[in-house]
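Take a look at the structure set out below.
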Amino acid sequence: MTKEFDLAALLAERGAERYELHAKYLNHQQPRMLRTIGFDKVYERAEGAHFWDADGNDYLDMLAGFAVMGLGRHHPVVRKALHDVLDASLADLTRFDCPPLPGLLAEKLLSYSPHLDRVFFGNSGTEAVETALKFARYATGRQRILYCSHAFHGLTTGSLSVNGEDSFRKGFAPLLPDTAVPLGDLDALARELKKGDVAALIVEPVQGKGVHEAPPGYLLAAQELLHRHKALLIADEVQTGLGRTGKFYAYQHSDGVEPDLVCVAKALSGGYVPVGATLGKDWIFQKVYSSMDRVQVHSASFGSNAQAMAAGLAVLSVMENEQIVANAAAVGERLKSRLAELVGRYELLAEIRGRGLMIGIEFGRPQSLKLRSRWTMLQAARKGLFAQMVVVPLLQRHRILTQVSGDHLEVIKLIPPLIIDTADADRFVDAFTEVMEDAHNGGGLMWDFGKTLVKQAVANR
């Protein structure tokens with residue numbers, strides 16, 4: 001007799017094998033990495049901005065699943081929307097009809113960027129970027145895409161072509177024709193545009209890697225330069241969009257900036273159903289879909305599925321009804337200002353930067369001889385180890401989940417759920433202050449862990 005599928009029973013029976021299953025069947029380096037840095041936790045449940053382990057210990061999430069969980073985990077409005085759409089038994093993905101949910105979500109998304117006209121729905125941020133790259137190249141008739149140094153736009157082949165991190169690109173060439181220009185360098189941009197073959201510049205208004213913001217006036221000046229040379233501006237808002245920086249889109253911090261194409265994803269999913277969206281001007285879509293023969297020239301098998309559309313509509317409703325963008329701006333300002341007060345107190349702390357609830361904490365070379373010698377030891381082994389030394393006690397001692405902002409960077413990035421409150425922000429600052437105090441006072445456990453990281457870094461060379 002066939003056994004009926006029972007998810008709860010399967011998890012109860014096999015859930016404890018999670019790390020062994022990953023090691024055997026998935027990315028075998030993932031469990032190894034987690035065990036090395038002491039992140040091999042077992043979380044039993046989650047709600048909002050918090051996790052709980054089997055012993056009932058509460059963990060504060062300052063990572064939000066790499067900014068996917070904008071509304072935190074299991075928001076009741078998004079959950080209800082998904083239950084409702086499943087219970088409706090819709091005739092979904094027939095591919096030969098025009099269901100209402102994609103049109104309704106497109107309409108709502110475009111209301112936040114009224115200079116844009118149309119939307120393509122895919123399944124992820126990297127798909128949204130791929131779409132923008134394809135549309136820009138076709139609409140302009142040019143091949144070359146410019147991107148900013150240190151950018152991150154995804155890991156599929158097209159988006160990898162505009163990725164500023166060599167370690168991601170290594171071994172995957174040849175990629176699309178591309179050229180990196182420094183973020184904020186208008187002269188470098190102008191030099192490339194004069195060659196006449198540039199389709200677009202793709203830019204994160206605030207770069208995820210290192211949390212570097214485009215300088216004041218740069219996006220507007222870049223837009224004018226691009227349009228003068230008949231090239232397009234693509235804003236990658238996959239991480240910064242939907243309120244992350246205290247505006248609905250990060251480019252909206254710069255008056256007059258109206259990108260030709262905008263990429264969104266992550267938080268639009270509500271943390272449940274993968275979704276990506278590429279918003280663009282009508283003339284671009286008219287060129288790409290120029291006739292009925294080209295109706296399927298760019299599509300996605302699961303794009304515009306009912307569950308993703310319902311989740312997106314619910315997310316935007318919550319954002320309006322619960323004033324999520326305003327909360328991100330207010331709590332982010334409190335968090336940033338409290339952290340900034342610590343810069344003068346701790347010599348290992350170099351800078352606090354960012355907008356809204358996207359904050360970078362950068363560490364730097366100390367002045368005192370004892371700390372400097374330890375810092376130099378870490379840097380000689382591998383840049384970024386000190387930031388990892390801070391991340392680990394935040395989790396182990398204070399039950400706060402954070403991340404190092406990028407490979408070989410001494411920067412911690414805070415991208416918590418946009419629903420965190422002032423108590424959550426204060427909890428992080430208090431814990432971070434204790435960790436910095438230990439580091440400056442020669443906290444044995446912290447520096448001993450640093451030695452472990454050094455050994456691991458040397459062994460991996």
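No hydrogens, no waters, no symmetry mates; every other heavy atom, side chains included, goes into these values.
A salt bridge links Asp84 with Lys80: at least one charged nitrogen is closer than 4.0 Å to a carboxylate oxygen. Under 4.0 Å is where a charged nitrogen must lie from a carboxylate oxygen, and between Lys281 and Asp260 at least one such pair does. Using a 4.0 Å cut-off between charged nitrogen and carboxylate oxygen, Arg353 and Glu362 count as a salt-bridge pair. Looking at Asp197 and Arg144, a side-chain N of the basic residue comes within less than 4.0 Å of a carboxylate O on the acidic one, giving a salt bridge. Classification of Asp61 and Arg399 as a salt-bridged pair fails, no side-chain N sitting under 4.0 Å from a carboxylate O.
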What's the verdict on side-chain contact (heavy atoms from CB on, under 4.5 Å) for Asn27 and His22, showing C-alpha distance, side-chain angles and the deciding distance? CA-CA 6 Å; Asn27 182 344; His22 272 258; over 6 Å; no
Stepwise side-chain contact (heavy atoms from CB on, under 4.5 Å) test for His229 and Val198: CA-CA 8 Å; His229 290 271; Val198 172; over 6 Å; no
Between Leu201 and Val181, does the side-chain contact (heavy atoms from CB on, under 4.5 Å) criterion hold? Intermediate values first, please. CA-CA 9 Å; Leu201 167 71; Val181 294; 4.2 Å; yes
Would you please test Tyr272 and Leu82 for side-chain contact (heavy atoms from CB on, under 4.5 Å) and show each step? CA-CA 9 Å; Tyr272 282 103; Leu82 289 172; 3.5 Å; yes
Pair Thr94-Asp97, side chain to side chain donor-acceptor pair (under 3.5 Å): steps then yes or no: CA-CA 6 Å; Thr94 70; Asp97 73 340; 2.8 Å; yes
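Between the side chain of Thr156 and the backbone N or O of Gly158, no donor-acceptor pair lies under 3.5 Å. Thr131 places no side-chain N or O within 3.5 Å of a backbone atom of Thr278 that could act as its donor or acceptor partner. For Lys266 (side chain) and Phe66 (main-chain N/O), a donor-acceptor pair under 3.5 Å exists by modelled atom type. Checked by atom type and distance alone, the side chain of Arg18 pairs as donor or acceptor with a backbone atom of Gly15 at under 3.5 Å. Formation of a donor-acceptor pair under 3.5 Å by the Glu333 side chain with backbone atoms of Arg355 is not found in this model. Under a 3.5 Å cut-off, the side chain of Glu127 and the backbone N or O of Asn123 do form a donor-acceptor pair. Of the possible donor and acceptor atoms, one in the side chain of Asn163 sits under 3.5 Å from a partner among the backbone N and O of Gly154. Remark: side-chain polar atoms of Arg118 are not paired, donor with acceptor, to backbone N or O of Leu110 under 3.5 angstrom. The closest donor-acceptor contact from the side chain of Ser405 to the backbone of Gly208 lies under 3.5 Å. With His75 contributing its side chain and Val77 its backbone, the two residues share a donor-acceptor pair below 3.5 Å.
Note that OG of Ser149 and CG of Leu183 are 8.5 Å apart. Values are rounded to the nearest 0.5 Å. To the nearest 0.5 angstrom, Asn327 atom CG is 7.5 Å from Ile420 atom CD1. Summarising the geometry, atom NZ belonging to Lys247 is positioned 14.0 Å from atom OG1 belonging to Thr240; distances are rounded to the nearest 0.5 Å. To the nearest 0.5 Å, atom CD of residue Glu320 and atom CZ of residue Phe248 are 8.5 Å apart. A distance of 13.5 Å separates CD of Gln307 from OG of Ser269, quoted to the nearest 0.5 Å. Rounding to the nearest 0.5 Å places CG of Leu11 at 4.5 Å from CG of Leu7.
A donor atom on one side chain and an acceptor atom on the other are found under 3.5 Å apart for Ser159 and Thr126. Between the side chains of Asp53 and Tyr59, at least one donor N or O sits under 3.5 Å from an acceptor N or O.
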Expected list for residues 42-51: side-chain donor-acceptor pairs under 3.5 angstrom, two or more places apart:
from: His50; atom 1: ND1; to: Asp58; atom 2: OD1; distance (Å): 2.8
from: His50; atom 1: NE2; to: Asp424; atom 2: OD1; distance (Å): 3.2

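Gln239 is not listed as a side-chain neighbour of Val206, based on a closest heavy-atom distance of 4.5 Å or more. Taking 4.5 Å as the limit, every side-chain heavy atom of Tyr138 sits out of range of all side-chain heavy atoms of Val297. Here the side chains of Val257 and Leu233 are in contact, with some heavy-atom distance below 4.5 Å. At least one side-chain heavy atom of Arg14 sits less than 4.5 Å from a side-chain heavy atom of Leu21. Residues Leu71 and Leu418 fail the side-chain proximity criterion, which asks for heavy atoms closer than 4.5 Å. Considering only heavy atoms from C-beta on, Glu237 stays 4.5 Å or farther from Glu204 through its side chain. Between Ile400 and Phe432 there is no side-chain heavy-atom pair separated by less than 4.5 Å. Taking the side chain as every heavy atom from C-beta outward, Leu109 and Leu316 approach each other to under 4.5 Å.
Of all the heavy atoms in Ala329 and Gly246, the pair that sits closest is CB-CA, 3.9 Å. Gly164 and Tyr147 make their closest contact through CA-CE1, 3.8 Å (heavy atoms, listed as atom of the first residue, atom of the second, distance). Shown here for Leu219 and Ser254, the closest heavy-atom pair between the two residues is CD1-OG, 4.1 Å. Closest non-hydrogen pair, Met309 versus Leu101, comes out as CB-CB, 3.7 Å. For the residue pair Ile361 and Leu349, the shortest heavy atom distance occurs at CG2-CD1, 3.4 Å. The shortest heavy-atom contact between Phe428 and Thr402 is CE1-CG2, 3.8 Å.
Here the options are Thr422, Asp426, Thr433, the test is side chain to side chain donor-acceptor pair (under 3.5 Å), and the partner is Arg338; only Asp426 passes.
Listed by chain and residue number, Phe168 satisfy the ring-ring contact (aromatic ring centres under 6.0 Å, His included) test with Phe152 (two or more places apart in sequence, or in another chain).
When ring centroids are compared, Phe120 and Phe285 stay outside the 6.0 Å threshold. For His298 and Tyr289, the ring centers are positioned 6.0 Å apart or more.
Residue-environment remark: CD (Gln143) exceeds the threshold of 12 foreign heavy atoms within 6.0 Å. For Lys336, the NZ atom counts as densely surrounded, since its 6.0 Å shell holds more than 12 non-hydrogen atoms of other residues, nucleotides or ligands. Shown here is Glu17, whose CD atom has more than 12 heavy atoms of other residues, nucleotides or ligands within 6.0 Å. For His253, the NE2 atom is densely surrounded, since the number of other residues' heavy atoms within 6.0 Å is greater than 12.
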